[in-house]
**Q** 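Handing you a structure now.
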Amino acid sequence: MNIAEDIYRISRAFIRDSINRGKFPDVNQIIGNLNLQFGEDWEILLPKESLQIWYDSIATMNFLKLKEGLEEIIIHDEENIQYFYKDKITKNSISLDFEDLDLSYRLLCLQNKVDWNITKPFVSFRSKIGCTDIRISLTHSSLSQVHSHKCSIRIISTESFALETFFEDRSECEVVKRLFKEKNNIVICGSTGSGKTSFISSLLKEVGQSEHTLIIEDTLEINSPNRTTTRLVAKDQENYSLRDYCSYALRLRPDRLILGEIRSSEVVPLILNSNTGHKGMLTTIHANSAIDCPDRISTLLSLYSGIKGMNNDMALTLITKGIDNIIFLEKKKVKSVIKLLGHESGKVNYEDVIESSNEPLLQNLQYLR
C-alpha cells in the first residue's frame, strides 16, 4: 500500500467535497482532515511542505510559467502546455495529473462564481493568476470523446499601446485617427490574437474628455482613459446579455458606443442602432479580411434578427447604410481599411482607404464577394 498516494487521494476527495458544497478549502482544513484520518504521523511519509506545494499548484495555478511577452497559454493536458509569445511558441509539462487539473479548474470557477459542468460545458471569464489579469476559457471533456478538458488563457494587457505601433506608415495612422474623430461607425476585424481589443484601447485615447463613452463587453478587457466612461459587463442571465445592453444603449446618450465583439444576437440591435443616425459606434468581429467582413455580419444578422423576410440583400442594406468603415488587423498591424459605399445584387461596393497588398485582385474589382 502506498500511504503517500492515499494521502493525496483523501486530500483530493476533501477538495472535491468542499467544491460541491460551494466552499473554497484551504490547506489547514486539508491537514486537519488528514490528522483525523491518519493521526499526525502521516507527515513522516509526506511532509507538510510537499502537501503545501501540491495544494498551491492546484489552488493558484502557480505551475504556469508567466514570463514577460507571454500572450496566451493553452493547457491541452498535463503533458502538453503551449505558451504563445509574439515571435515564438514553447511547450512544457507539469507534475500534476488529470484529476489535479480538473480540481484546479473547478476551484478557479468556484472562486469566480462561474458554473462549469456537463450541462454548461463552455465558459469564458476574467480572473487572475497571481497579479496577472487573464481571460480564461474552459471546454469540458464531455464535449469530446478523444481529449480531456481544454483550458485557454489569454493574458490581458493593462498597457495601452501607442496607436502608431499598429501601422507601418504614420500617414495611415493619421487617416484612421481622422475617421475615428469624425465618429464614423467602424468595425475592426481579424483573427484571434490579431490585436483587435488592444487596437480599440489605443483608439480610445483619441476620445475627447467631454464625450460620454459607453463600453459593452462580456469581460473587462478594453482600457479607457476617459473618466466619462460607462461600462456594462454582460452576465449569463436574463436582462444582462450583450443584446440586452445594445438594445437600450442609446437611452444612455452615449457619444461613443463600443461593443467588445460581435458573436451572435447582439449584432441585431447594434446594426439597427447604426441605422438610426447614431454615430461613433465601434466594434470587432472575427473575419479573414476587410472584404469578407460584411458577409460575416450579414450571416449573423440573418440568423439572429427574427425579422420576417430578412435575407442577405436586406442585411447588406442595413450593414452598408449603418457601417462606414472596416479595418482589418493581422499580427497587430492594420493591413487594410475600406469604406462601404452600398451594394448591388449581393455585391458590396467599396473603396480603399488604406490598400492591402495581399488582395490585389479583389481590390481592382472594387466589390466584395
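Side chains are part of it too, since the values below use all heavy atoms of this structure and drop only hydrogens, waters and symmetry mates.
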**Q** Checking side chain to side chain contact (heavy atoms under 4.5 Å, CB included) between H149 and each of L143, D102, D77, which is the one that passes?
**A** D102
**Q** Go through it in stages, so that I can follow the logic: the residues are V176 and I354, the test is side-chain contact (heavy atoms from CB on, under 4.5 Å), and I'd like the CA-CA distance, side-chain angles, deciding distance and then a yes or no.
**A** CA-CA 9 Å; V176 171; I354 295 176; 4.0 Å; yes
**Q** I need the minimum non-hydrogen distance between S50 and Y8, along with the two atoms involved.
**A** O-OH, 4.3 Å
**Q** Would you say D17 has more than 12 foreign heavy atoms packed within less than 6.0 Å of its CG?
**A** yes
**Q** Apply side chain to side chain donor-acceptor pair (under 3.5 Å) to S241 and D244, showing your working.
**A** CA-CA 5 Å; S241 70; D244 293 324; 2.9 Å; yes
**Q** With distance as the sole test, does S198 use its side chain to make a donor-acceptor pair with the main-chain N or O of G195 at under 3.5 Å?
**A** no
**Q** Answer yes or no: is there a donor N or O on one side and an acceptor on the other, between the side chain of K196 and the main chain of S191, under 3.5 Å?
**A** yes
**Q** Could you tell me if the side chain of L96 sits less than 4.5 Å from the side chain of S57, heavy atoms only?
**A** yes
**Q** Can you find a pair of side-chain heavy atoms, one from I215 and one from L204, that are under 4.5 Å apart?
**A** yes
**Q** Between D218 and R135, does at least one N-O distance fall below 4.0 Å, as a salt bridge requires?
**A** yes
**Q** Looking only at heavy atoms, what is the nearest atom pair of D26 and Y55, with distance?
**A** CA-OH, 3.3 Å
**Q** Group every Ile, Leu, Val, Met, Phe, Trp and Tyr by side-chain heavy-atom contacts under 4.5 Å, then state whether L252 and L259 land in the same group.
**A** yes
**Q** Are any of the side-chain nitrogens in E217 or R231 under 4.0 Å away from the carboxylate oxygens of its partner?
**A** yes
**Q** From I297 CD1 over to I326 CD1, what is the distance, rounded to the nearest 0.5 angstrom?
**A** 5.5 Å
**Q** Please lay out, stage by stage, how N349 and T320 fare under the test side-chain contact (heavy atoms from CB on, under 4.5 Å).
**A** CA-CA 9 Å; N349 299 312; T320 54; over 6 Å; no
**Q** If only atom types and distance count, is the side chain of D324 paired as donor or acceptor with the main-chain N or O of I186 below 3.5 Å?
**A** no
**Q** When Ile, Leu, Val, Met, Phe, Trp and Tyr are grouped by side-chain heavy atoms lying under 4.5 Å apart, directly or through other members, which residues fall in the same group as I74?
**A** F84, I89
**Q** May I ask you to decide if S274's main-chain N or O and K279's side chain share a donor-acceptor pair within less than 3.5 Å?
**A** no
**Q** Measure from the side-chain N and O atoms of S141 to the backbone N and O of S148, and report whether any donor-acceptor pair falls under 3.5 Å.
**A** no
**Q** Give a yes or no on whether F38 and I15 share a hydrophobic cluster (residues Ile, Leu, Val, Met, Phe, Trp, Tyr; joining criterion: side-chain heavy atoms under 4.5 Å apart).
**A** yes
**Q** Starting at CD1 of I73, measure out to CG of L64 and round the result to the nearest 0.5 Å.
**A** 4.5 Å
**Q** State, yes or no, whether a side-chain contact exists between Y245 and L214 at a heavy-atom distance under 4.5 Å.
**A** no
**Q** Please round to the nearest 0.5 Å and tell me the distance separating atom CG of D41 and atom CG of L34.
**A** 12.5 Å
**Q** Could you give the distance from OG (S137) to CZ (R154), rounded to the nearest 0.5 Å?
**A** 8.0 Å
**Q** Tell me every residue that passes side chain to side chain donor-acceptor pair (under 3.5 Å) with R243, counting only those two or more places apart in sequence or in another chain.
**A** none
**Q** Hey, does the side chain of S247 reach the backbone of P269 with a donor-acceptor pair shorter than 3.5 angstrom?
**A** no
**Q** Using modelled atom types only, decide if a donor and an acceptor are shared between the side chain of N273 and the backbone of L250 within a distance under 3.5 Å.
**A** no
**Q** Could you state whether F98 and I94 fall into the same hydrophobic cluster, counting links through intermediate Ile, Leu, Val, Met, Phe, Trp or Tyr residues with side-chain heavy atoms under 4.5 angstrom apart?
**A** no
**Q** Check ring pair (Phe, Tyr, Trp, His ring centres under 6.0 Å) between F166 and all other residues, then give those that pass, not counting sequence neighbours.
**A** F199
**Q** How about NZ on K339, more than 12 heavy atoms from neighbouring residues, nucleotides or ligands closer than 6.0 Å, or not?
**A** no
**Q** Test side chain to side chain donor-acceptor pair (under 3.5 Å) on D56 and Q52; report intermediate values, then the result.
**A** CA-CA 6 Å; D56 287 343; Q52 180 77 58; 3.0 Å; yes
**Q** Do the charged groups of R178 and E182 touch, with an N to O distance under 4.0 Å?
**A** yes
**Q** Kindly say whether H286 contributes a backbone atom to a donor-acceptor pair with the side chain of R296 at under 3.5 angstrom?
**A** yes
**Q** Go through the structure and list residues passing side chain to side chain donor-acceptor pair (under 3.5 Å) with S142, not counting sequence neighbours.
**A** H140
**Q** Taking only residues two or more places apart in sequence, or in another chain, which ones meet Y304 in a side chain to side chain contact (heavy atoms under 4.5 Å, CB included)?
**A** S264, S265, V268, L300
**Q** Write down the atom of A249, the atom of L257, and the distance for their closest heavy-atom approach.
**A** CB-CD1, 3.9 Å
**Q** State, with a plain yes or no, whether a side-chain heavy atom of Q111 is found less than 4.5 Å away from one of L107.
**A** no
**Q** Looking at CD1 of I271 and OG1 of T276, how far apart are the two atoms once the value is rounded to the nearest 0.5 Å?
**A** 11.5 Å
**Q** Take I155 and I134 through the side-chain contact (heavy atoms from CB on, under 4.5 Å) test and state the conclusion after the steps.
**A** CA-CA 5 Å; I155 309 301; I134 63 168; 4.1 Å; yes
**Q** Using atom types as modelled and distance alone, determine if a side-chain donor or acceptor of D169 lies under 3.5 Å from a backbone N or O of S171.
**A** yes
**Q** Which pair of heavy atoms, one from H278 and one from N185, lies closest together, and at what distance?
**A** O-ND2, 3.1 Å
**Q** Would you say Y240 ends up clustered with L270 if hydrophobic residues are merged whenever their side chains have heavy atoms under 4.5 Å apart, either directly or through other cluster members?
**A** yes
**Q** Between Y105 and L138 (side chain of the first, backbone of the second, donor and acceptor by atom type, cut-off under 3.5 Å), is there such a pair?
**A** no
**Q** Start with the C-alpha distance between I188 and L282, add both sets of side-chain angles, then the distance that settles side-chain contact (heavy atoms from CB on, under 4.5 Å), and finish with yes or no.
**A** CA-CA 8 Å; I188 301 166; L282 184 65; 3.7 Å; yes
**Q** Within a strict 4.5 Å, meaning less than it, do heavy atoms of the T317 and H343 side chains meet?
**A** yes
**Q** May I ask you to test the L203-L163 pair for a side-chain heavy-atom distance under 4.5 Å?
**A** yes
**Q** More than 12 heavy atoms of other residues, nucleotides or ligands under 6.0 Å from CG of L36: is that the case?
**A** yes
**Q** Do the non-hydrogen side-chain atoms of V187 and I319 ever get within less than 4.5 Å of each other?
**A** no
**Q** Quick check: closest heavy atoms across D133 and K128, and the distance to 0.1 Å?
**A** OD1-NZ, 2.8 Å
**Q** Identify, with sequence neighbours excluded, every residue that meets side chain to side chain contact (heavy atoms under 4.5 Å, CB included) alongside D97.
**A** R12, E99, D100
**Q** Considering non-hydrogen atoms only, spot the tightest contact between V348 and P294 and give its length.
**A** CG2-CB, 4.3 Å
**Q** Would you say F63 and N92 make side-chain contact, with heavy atoms under 4.5 Å?
**A** no
**Q** Is there a side chain to side chain donor-acceptor pair (under 3.5 Å) between N226 and S224 once you walk through the steps?
**A** CA-CA 5 Å; N226 194 332; S224 174; 5.6 Å; no
**Q** Applying a strict under-4.5 Å side-chain criterion to I, L, V, M, F, W and Y, I'd like to know whether I19 and F24 cluster together.
**A** yes
**Q** Hey, are K181 and E174 close enough for a salt bridge, meaning a charged N less than 4.0 Å from a carboxylate O?
**A** no
**Q** Could you give the distance from CD1 (I136) to OG (S127), rounded to the nearest 0.5 Å?
**A** 7.0 Å
